[in-house]
Amino acid sequence: MTLLDTSIEFLKGVGPKRAELLQKELGIFTFRDLLQHYPHRYIDKTQFHRIRELNEQSGEVQLRGVLRRLSTVGEGRKRRLTGRFRDDSGVIDLVWFSGVHWLEKQLEVGKEYVIYGRVNSFRGQLSIPHPEMELAKQENLQKAATFAPVYPSTDKLNTKGVDARTRRRMMKALFEKINPADTPENLPDYLIQKFRFPSRFDALRAIHFPKDEQELQSARNRLKFEELFFLQFRLLQIRRRRKDAVKGFVFEKIGHYFNTFYEEKLPFELTEAQKRVIREIRRDLGAGVQMNRLLQGDVGSGKTVVGLMCMLMAIDNGFQACMMAPTEILAQQHYNSISEYVEGLGINVAFLTGSVKGKKRKELLKLLASGDIHILIGTHALLEAPVQYKNLGLAITDEQHRFGVAQRARLWKKSSPCPPHILVMTATPIPRTLAMTLYGDLDVSVIDELPPGRKEIQTLHKTENHRMRVIGFMREEIAKGRQVYVVYPLIEESETLDLQNLDEGYEALKREFPPPDYQISVVHGRMKPADKDFEMQRFVEGKTQIMVATTVIEVGVNVPNASVMVIENTERFGLSQLHQLRGRVGRGAEQSYCILMSSFKLSNESKERIQAMVRTNNGFEIAEADLRMRGPGNIEGTQQSGILNFRIADLARDGRILQTAREVAARILDDDPRLERPEHHPVKWYDEKFGKKLKGWSRIS
Ligand code: ADP
Ligand code: MG
């Protein structure tokens, strides 16, 4: 027990009632929790504004002047108090809607005050509602000349009297009790010197009560670094331990299958990015350690062929390989394209999903167990208990975010004495900072280049009054032999409503594109899988020209002849989802289009999203924009993991600090993995006591 472990209840000005509130609302139990609950902004009380220079955009301001007049207006609950406040440049109104009675007695007309509040504009008339008022006495003026912290709060705290001022008072009370010995240093001295960081105590004090902008900045830098450093340290440690502990099959050679495929079958030149990634994977597969690698690449960047070439390495070394996809349709597509790629090579590729049954299944399982099947492609069915491999050396999963951790863990049981090497492919690009955090314990490869000769998809934003033109455009494209997707949003809370949207859309389209000249497929989440597949298949085979769908088509479907993607109610889609949908077109030789339909009136955020889509086709840029707009906690597939709950670091902004923190952590782990050197003792102590618990983290695969 140290002073910082003291229950918050015992801090001056808190007590049992407020303690309970702080615990419930903010998770603050101890002095330490309070200390580490940082302000989210500051109000600048270092300078005074002049009334004449205020305008609607002034925001929060501090003024110094004389209270000229006070009067109450209205009756009963509408009663309010107004004051006139004057400095040497002008006059402004102050207004209070509550606490009128008390304020009337408290405030003194004719006295000089320092006031603080937000400038409000009503019909061009400026006023300040509910300003903080303090008599302009000498000691108040000195006290006022600071940045005052504002803490993240809740309505409940505010209404129960734990408002900004009370919180500030609590922090002051805390700093009266603690001193540097209570917050021992947790970084090695050489880093503090190198980065010119303030001491830990000084940083903590300055983050709550900064003297000036500069002091605040260096406190922030240090605390952000500290937070990111200890997380990266943990992640790299996990990776290191796994590599030390988990042996992997050694794929020594590049052999017949790989070489023949590369020299005789590969129908195109690999991009530089594809080559680089294959080299990275090859190095892993030869190292005697189980590979755990995430392969990121935008839609269409050519991940499948990379996956295939890795499977060929496995086969060259006498192992089997498997590839899993989240849906039957996708699995089927992989099966088709991979069978085609390896035709004539003497490789046995098999397909397994839940719908493969009876004798066929039995036969397949036998061949798998005897090693006669080299590559198995399918859905989760590949992970079920009866599926036994002879020697599974490599498992690839496509579209990673659709797989659960438990399913992936089952993979480990499919092979012995080592677990198979794992390659996880994802087409949802993740910003670098997020990847370093969420997958910080994995190795990450990125295909950041598209195959040459692709025509950029043209993205256009249209509103309802353009609908006839859009229909006309669809007709022209269909006349050229192309196919069109029309996608409706799907919101889980209201499936009926969505279905209605989709149904109405479908009916309207049928009027514009009547049979027998036109055929339309419909696919949505409420359909039976068999019906879904049937409809999808008709579109894939070109028997229908239009596919009306909800987002079920988001992942992976490949119809190169489809050249137009119309997205309805665009404002209801997330950015990464829009990008995924757009990736369904632009897969053939033709110019493709993505048409974003929306209502005329849009929120700023919807506008920004649509603008980002129109501006760039690059999935990584889209992901960065998404991160900036929504923050890391809301990026798809990341919601559940507490790993992204930072106290002060911000992955949208702190990329450089993160990079440095990771490099520093890696160097320390290389030089002194057990933290035995005296200069690393602070790190050891802090990591053991406060490092984020990341149980089971290393088991992405
Ligand atoms: P994704 O990364 O989205 O899974 P795919 O692997 O499906 O992308 O590849 C998209 C298309 O690009 C496929 O038709 C594939 O044959 C083709 N392709 C892949 N790599 C290259 C390349 N280096 N040059 C030309 N075409 C390529
Ligand atoms: Mg793919």
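Note that this is a predicted model, so its numbers are computed, not measured. Both ligands and their constituent atoms are indexed starting at 1 by order of listing.
Listed by chain and residue number, Tyr335, Asn336, Phe351 satisfy the side-chain contact (heavy atoms from CB on, under 4.5 Å) test with Gln332 (two or more places apart in sequence, or in another chain). Take Lys275 and apply the side-chain contact (heavy atoms from CB on, under 4.5 Å) test, not counting sequence neighbours, and it matches Tyr262, Glu269, Leu270, Glu272, Arg279. Applying the ring pair (Phe, Tyr, Trp, His ring centres under 6.0 Å) rule to Phe513 yields the partners Tyr518; only residues at least two apart in sequence or on another chain are considered.
One finds a salt bridge joining Arg276 and Asp448 here, because a Lys/Arg side-chain nitrogen approaches an Asp/Glu carboxylate oxygen to under 4.0 Å. Salt-bridge annotation for Asp443 and Arg239: present, with a side-chain N of the basic residue lying under 4.0 Å from a carboxylate O of the acidic one.
The closest side-chain donor-acceptor pair between Ser563 and Glu590, if any, does not fall under 3.5 angstrom.
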Is there any protein N/O under 3.5 Å from an N/O of ligand 1, and what does the full list of such pairs look like?
| residue | atom | partner | partner atom | Å |
| --- | --- | --- | --- | --- |
| ligand 1 | 2 (O) | Ser301 | N | 3.4 |
| ligand 1 | 2 (O) | Gly302 | N | 3.1 |
| ligand 1 | 2 (O) | Lys303 | N | 2.9 |
| ligand 1 | 2 (O) | Lys303 | NZ | 2.7 |
| ligand 1 | 3 (O) | Gly300 | N | 2.6 |
| ligand 1 | 6 (O) | Lys303 | N | 3.2 |
| ligand 1 | 6 (O) | Thr304 | N | 2.9 |
| ligand 1 | 6 (O) | Thr304 | OG1 | 2.7 |
| ligand 1 | 8 (O) | Gly302 | N | 3.3 |
| ligand 1 | 12 (O) | Arg454 | NH2 | 2.6 |
| ligand 1 | 16 (O) | Tyr341 | OH | 3.1 |
| ligand 1 | 20 (N) | Gln274 | NE2 | 3.0 |
| ligand 1 | 23 (N) | Glu269 | O | 2.9 |
| ligand 1 | 23 (N) | Gln274 | OE1 | 2.8 |

